[in-house]
Amino acid sequence: MNQDILAELDWRGLVYQNTDEENLQHWLNAEPRTVYAGFDPTSVSLHVGNLMPLMMLRRFQKAGHKVIALIGGATGMIGDPSGKSAERNLLDENQLRCNVEGIGQQIKSVLADEENPAIVVNNYDWIKTFSYIEFLRDVGKNFPVNVMMAKDSIKSRLDGESGISYTEFSYMLLQAYDFVHLHQAFDCYLQVGGSDQWGNITAGIDLGRRMCSAKLFGITNPLLTKADGTKMGKTESGAIWLSGEKTSPYQFYQYWINVDDADAGQCLRFLTELDESTIGELDRSRENEPHLNASQKSLAEELTQLIHGDSGLASAKKATEIFFGAEISDLSDAELGHIFNDVPSAEIPQDQLQGEGILLTEAFVVAGLAKSKGEARRTLTQGGAYVNNRRESAADRKLTLGDLASETNIVLRSGKKKYALLRVAE
RNA sequence: GGGGGGAUACCGAAGCGGUCAAACGGGACAGACUGUAAAUCUGUUGGCUCAUGCCUUCGGAGGUUCGAAUCCUCCUCCCCCCA
């Protein structure tokens with residue numbers, strides 16, 4: 001074994017609940033073991049909230065254990081009631097297949113390791129083979145309903161107004177059976193997950209004992225939340241996705257750069273593989289020289305590199321430099337398009353830029369940076385209008401072909417970081 | 001069924017015949033400060049205009065008046081109290 005994985009999880013603060021600390025430690029350190037975590041295919045991409053379990057698996061993998069990522073192709077058709085206050089909408093089958101495929105790729109990329117490859121499985125593959133009768137006889141028989149009703153995930157729904165359907169009520173059986181199946185097929189003894197998964201994990205452990213007298217283990221992580229109580233990984237404009245299509249490497253990088261000081265330490269411990277002394281130094285840096293932003297920079301670099309690779313990190317940093325840097329000029333459309341690929345753009349006929357040109361205030365409206373000319377004028381007179389990152393304050397400033405930053409684009413900016421591209425059309 | 005209160009700009013809330021594009025607070029936007037943070041401070045916050053100016057807006061439709069968010073009539077919706 002490379003290292004004492006449990007000790008590492010401990011100093012990182014990653015162990016929230018544990019089914020059997022003493023025996024687990026010994027068992028894990030004795031020889032390579034197999035561990036699994038589940039992922040719901042609720043979307044075609046994983047998001048920042050999935051990083052916790054994903055990194056958990058990666059830590060186990062690095063410590064020399066065998067890891068299995070289970071994608072809930074079957075359970076995704078049902079919906080996990082854990083932590084949900086209301087019944088969920090069912091996904092259609094096509095969408096689900098797409099999602100399973102998409103997040104499978106992402107998981108493989110994060111858990112890539114030639115010597116110790118991760119196993120990615122879809123629980124639909126074994127659950128589909130069951131008939132309803134078989135499932136009730138083999139699995140359902142082992143579930144006392146009174147025990148199920150006592151679980152928080154069920155109880156909160158029974159106490160609440162929305163109730164729970166038989167379908168979601170049954171979710172637990174499927175996840176519990178997954179654990180047993182992985183135990184039988186892969187010799188898997190340990191399931192890890194968020195603290196909201198405790199009920200499902202212990203259900204699996206119970207089922208393992210009843211069906212095959214196995215002694216299974218479970219560990220849950222604390223939830224990753226912000227100091228202000230809101231969810232990590234959400235912005236006003238939505239979730240931060242791992243897919244570069246849905247959240248560009250630049251946006252992803254920026255999300256971490258902007259993490260609040262109060263949350264940075266937790267993020268470093270929970271989500272990166274930086275070692276204890278490095279993180280300790282970053283803690284001190286945050287304390288003594290906060291203006292350096294060292295924690296956020298490390299966090300952003302580590303995670304962007306992990307999710308988007310060297311080239312993704314490089315382009316995120318290049319974009320950051322430009323976004324917050326000096327004047328923009330002499331770039332090609334391709335470079336500009338790449339850097340500003342998240343930025344909204346608008347087209348403007350070429351003849352409007354010829355001769356006199358078009359008023360900057362009007363261009364702001366066309367580009368969507370202002371709702372009306374009045375608003376644009378206000379921004380301009382208050383010193384918040386920029387052309388190619390150069391502040392413009394003349395109320396009668398006009399845009400002409402001379403303002404092109406690349407072959408066909410002018411970069412407009414309102415305030416500190418709200419950009420829009422104005423593309424000249426034939 | 002009877003009685004009473006209310007509907008105002010993104011939200012909350014003043015205004016109750018002209019000086020109302022409409023106080024104040026929040027939010028939002030911009031600026032300063034700063035660490036691309038937090039807090040703070042300043043400015044702006046219906047549209048068009050360089051602007052005195054014009055246009056649209058105070059639940060809806062009509063009316064009174066030189067003039068209405070403000071008064072009257074009807075309608076719609078909300079809340080409270082008594083049955």
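Chain identifiers are assigned alphabetically (A, B, ...) following the order of the sequence lines, protein sequences preceding nucleic acid strands; residue numbering begins at 1 within each chain. Note: hydrogens, waters and symmetry copies are ignored here, and every other heavy atom, side chains too, is used.
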Between K418(A) and V365(A), who's closer to the 5' end of RNA chain B by nearest nucleotide?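 Closer to the 5' end of RNA chain B: K418(A).
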
Nearest-nucleotide wise, let me know which of L292(A) and A385(A) is further upstream toward the 5' end of RNA chain B.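 Result: A385(A).
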
Scan for ring-ring contact (aromatic ring centres under 6.0 Å, His included) pairs involving residues 289-308 of chain A, sequence neighbours excluded, and state none if there are none.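 Applying ring-ring contact (aromatic ring centres under 6.0 Å, His included) to every pair that reaches into residues 289-308 of chain A, excluding sequence neighbours, yields F252(A)-H308(A).
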
Could you give all pairs that pass the ring-ring contact (aromatic ring centres under 6.0 Å, His included) test and reach residues 340-360 of chain A, with sequence neighbours left out?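 Counting only pairs at least two positions apart or across chains, the ring-ring contact (aromatic ring centres under 6.0 Å, His included) contacts touching residues 340-360 of chain A are F323(A)-F340(A), F340(A)-Y419(A).
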
What interatomic distance, in whole Å, is found between [atom1] of [M] and the corresponding atom of [N]?
N	M	atom1	result
rC66(B)	rG12(B)	C1'	36 Å
rC24(B)	rC74(B)	P	37 Å
rA38(B)	rG46(B)	C1'	33 Å
rU19(B)	rA68(B)	P	11 Å
rG25(B)	rC82(B)	P	39 Å
rU57(B)	rU45(B)	C1'	15 Å
rU42(B)	rG5(B)	C1'	41 Å
rG59(B)	rU76(B)	C1'	8 Å

Look through every strand shown and name the nucleotide pairing with [N] as Watson-Crick or G-U wobble, where both distances are under 3.5 Å.
N	value
rG1(B)	rC82(B)
rG59(B)	rC75(B)
rU40(B)	rA32(B)
rA69(B)	none

Hey, does [X] reach any base, or is it just sugar-phosphate, or nothing, if we go heavy atoms under 4.0 Å?
X	result
R377(A)	base
E289(A)	nothing
S414(A)	sugar-phosphate

Side-chain contact, heavy-atom cut-off 4.5 Å: L422(A) with E347(A)?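 With C-beta onward as the side chain, the pair stays apart.
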
Please state whether the phosphate of rU49(B), meaning OP1 or OP2, lies under 4.0 angstrom from any side-chain nitrogen or oxygen of K373(A).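 K373(A) to rU49(B) OP1/OP2: side-chain N or O found under 4.0 Å.
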
What is the distance, to the nearest angstrom, from the [atom1] atom on [X] to the [atom2] atom on [N]?
X	N	atom1	atom2	answer
D263(A)	rG35(B)	CG	C1'	16 Å
F364(A)	rC48(B)	CZ	C1'	19 Å
L380(A)	rC29(B)	CG	P	18 Å
L360(A)	rA30(B)	CG	P	15 Å

Geometric class of the H183(A)/Y189(A) ring pair [parallel <30°, tilted 30-60°, perpendicular >60°]: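 Correct class here is perpendicular.
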
Return a single string for nucleotides 36-46 of chain B, one symbol per nucleotide in 5' to 3' order, where B is base contact, S is sugar-phosphate-only contact and - is none, cutoff 4.0 angstrom on heavy atoms. BS-----BSS-

Using a distance-only test with no angle check, is there a side-chain donor-acceptor pair under 3.5 angstrom linking N388(A) and D403(A)?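 Note: N388(A) and D403(A) side chains miss the donor-acceptor criterion.
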
Do T75(A) and D40(A) have side-chain atoms, one donor and one acceptor, less than 3.5 Å apart?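 No.
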
I need the single residue from W241(A), Y255(A), F39(A) that forms a ring pair (Phe, Tyr, Trp, His ring centres under 6.0 Å) with H47(A). Which is it?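 Exactly one option meets the ring pair (Phe, Tyr, Trp, His ring centres under 6.0 Å) with H47(A), and it is W241(A).
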
Using the rule side-chain contact (heavy atoms from CB on, under 4.5 Å), only one of T19(A), L6(A), I201(A), L14(A) pairs with I219(A); which is it?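 Of T19(A), L6(A), I201(A), L14(A), side-chain contact (heavy atoms from CB on, under 4.5 Å) with I219(A) is met by L6(A) alone.
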
